[in-house]
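Shown next, in structure tokens, is the structure this report addresses.
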Protein chains: 2
Amino acid sequence: MYSPSDFPPFAVTVDLVVLTVRSDALCALLVRRGEAPYRGRWALPGGFVQVDESVDAAAVRELAEETGVSGLHLEQLGTYGEPRRDPRMRVVSVAYLALAPDLPVPVAGTDAAAASWVPVSEVGALAFDHARILADGVERARAKLEYTPLGTAFCSAEFTVAELRRVYEIVWGVSLDPRNFHRKVTGVEGLLVPTGGSTSRDGGRPAALYRRGDAVVLYPPLVRASGA
Amino acid sequence: MYSPSDFPPFAVTVDLVVLTVRSDALCALLVRRGEAPYRGRWALPGGFVQVDESVDAAAVRELAEETGVSGLHLEQLGTYGEPRRDPRMRVVSVAYLALAPDLPVPVAGTDAAAASWVPVSEVGALAFDHARILADGVERARAKLEYTPLGTAFCSAEFTVAELRRVYEIVWGVSLDPRNFHRKVTGVEGLLVPTGGSTSRDGGRPAALYRRGDAVVLYPPLVRASGA
DNA sequence: ACAATAGTGTCTATCAGACATTATCCG
DNA sequence: CGGATAATGTCTGATAGACACTATTGT
């Protein structure tokens, strides 16, 4: 049916949409390109899939190289394969979405001149079709917060209900009733595990600290509606 | 940073999970492989992405070649890129999910010895990693029925509420209360458009016929719970 | 008339959202 | 004590599910 000699050759890359919540904004990890094309332009981090490496493994490797961390939630976002999305050759890119807590400022990777967290509302033109990929990633993240416990992926290991609520408010761009939100998230089986500790870093009554539970789906879901 | 000469070459294919509801079962379109490897084994339809064709366009083209129809709902399912998923060379496959009404028995395509609808519950071993891809597709379809109007994609152009309900019952494997289901789907804005016609093919009071509306999300969603 | 299916109405337990109240810290 | 935030409680309107009932056909 086919043989190695008669298939059209493609390059396969992975691109990463790495999101975090910091400074009251949803931010994406972007790198400034050091080479042509789009030299000097912001782009998503990413790179080539190696010959003996699965595509998923390439995403994990690139994420570690760009952020210095591992163990983050990482999922496939989609594959982008327009013929001329890279002006030099035929490149098919598999995009991944990663949700991260507020990490230290990322180090510039080996491939990039600079790396930085940029609020998604302030992102301008990006290299290649990365603006589209980023938009798809942001929309996916917003949707996933409704019915998965992924909001906790934006929080550090121990967090308060108010911090989790801030994540939802920032990602969705709405305000949520603190009391209803508290009742809701503490009522979802397996979402939050009390650590017993508490903190009063915000000056009021100390808030209980929680760790992520082992729930993988949120039932009932958190509906994305006002509440202010 | 990189040049056409130093990237590892990949072949890129599309694989199609084409689902339909017929004979009271959720069925997938499978082809029997005519060549090695996995000669004689059932596999998902699919083929190579051409050099000057987007990956999405390749999926549309392959779907038309395999089913003879176009205009079906088609969406990316995921990309499968383990290094040795094809024993001959490095192949990255982008899988697509298509939902079809009960089409006539498909014609054998140019690449396949035979094509057939197979109930997903009776699918045995498949070539490559296609069993995994099929399972992912079925799960995606089940989930999508909850919050999108995609159940109608399994119905013909004009259909009754009872036919739509059968789709849900078969795909989810549950029974649903006909009265509550009717109230629910007719209450969702933009889901169903009455054609004015009616049919009595099932022997009782004639049922009103509907066309698909232009809704893209189902709000409120149809929850996947019993009701019997 | 009777069987069968379509479509509408009603009841009730549950729940989301609005909002009051109490609890526990800091200064 | 006052200010701030956490946590819990109460009320109400909406709704999902259970199920009774009416409507319209074929035999």
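Numbered from 1 within each chain, the chains take letters A, B, ... in sequence-line order.
- Between B/Pro206 and B/Arg179, the one whose closest nucleotide on DNA chain D sits nearer the 5' end is B/Arg179.
- When rounded to the nearest whole Å, the span between CG of A/Asp177 and P of C/dC15 equals 18 Å.
- Two residues are said to be in side-chain contact when any heavy atoms from C-beta on lie closer than 4.5 Å; B/Val171 and B/Phe154 meet this criterion.
- Residue A/Ala207 has its side chain nearest to D/dA6 when only C/dG17, D/dA6, D/dC19 are considered.
- Between the P atom of D/dA7 and the NZ atom of A/Lys184 lies a distance of 19 Å, rounded to the nearest Å.
- The nearest whole Å value for the distance from the CG atom in B/Asn180 to the C1' atom in C/dC11 is 12 Å.
- Looking at which nucleotide of DNA chain C each of B/Tyr210 and A/Arg205 is closest to, the 5′-most match is held by B/Tyr210.
- With contacts defined as side-chain heavy-atom distances shorter than 4.5 Å, the pair B/Phe128/B/Arg33 qualifies.
- Residue A/Lys144 is tested with A/Glu139, A/His73, A/Glu75 for a side-chain hydrogen bond (donor to acceptor under 3.5 Å, both in side chains); the sole match is A/Glu75.
- Atom P of nucleotide C/dA6 and atom CG of B/Leu164 are separated by 12 Å, given to the nearest angstrom.
- When the C1' atom of C/dC15 is taken as reference, atom CZ of A/Arg183 falls 8 Å away, rounded to whole Å.
- When the nucleotides D/dA7, C/dG7, C/dA6 are ranked by their closest atom to the side chain of B/Ala208, C/dG7 comes out on top.
- Within 6.0 Å of the CZ atom in B/Arg132, the count of heavy atoms belonging to other residues, nucleotides or ligands does not exceed 12.
- Here the C1' atom of nucleotide C/dG7 and the CZ atom of B/Arg165 are 12 Å apart, to the nearest Å.
- When the side-chain nitrogen and oxygen atoms of B/His182 are compared with OP1 and OP2 of C/dA6, none of them lie within a distance under 4.0 Å.
- The separation between B/Leu222 atom CG and D/dA16 atom P is 9 Å, rounded to whole Å.
- Here D/dA16 presents its C1' atom at 14 Å from CD of B/Glu146, a figure rounded to the nearest Å.
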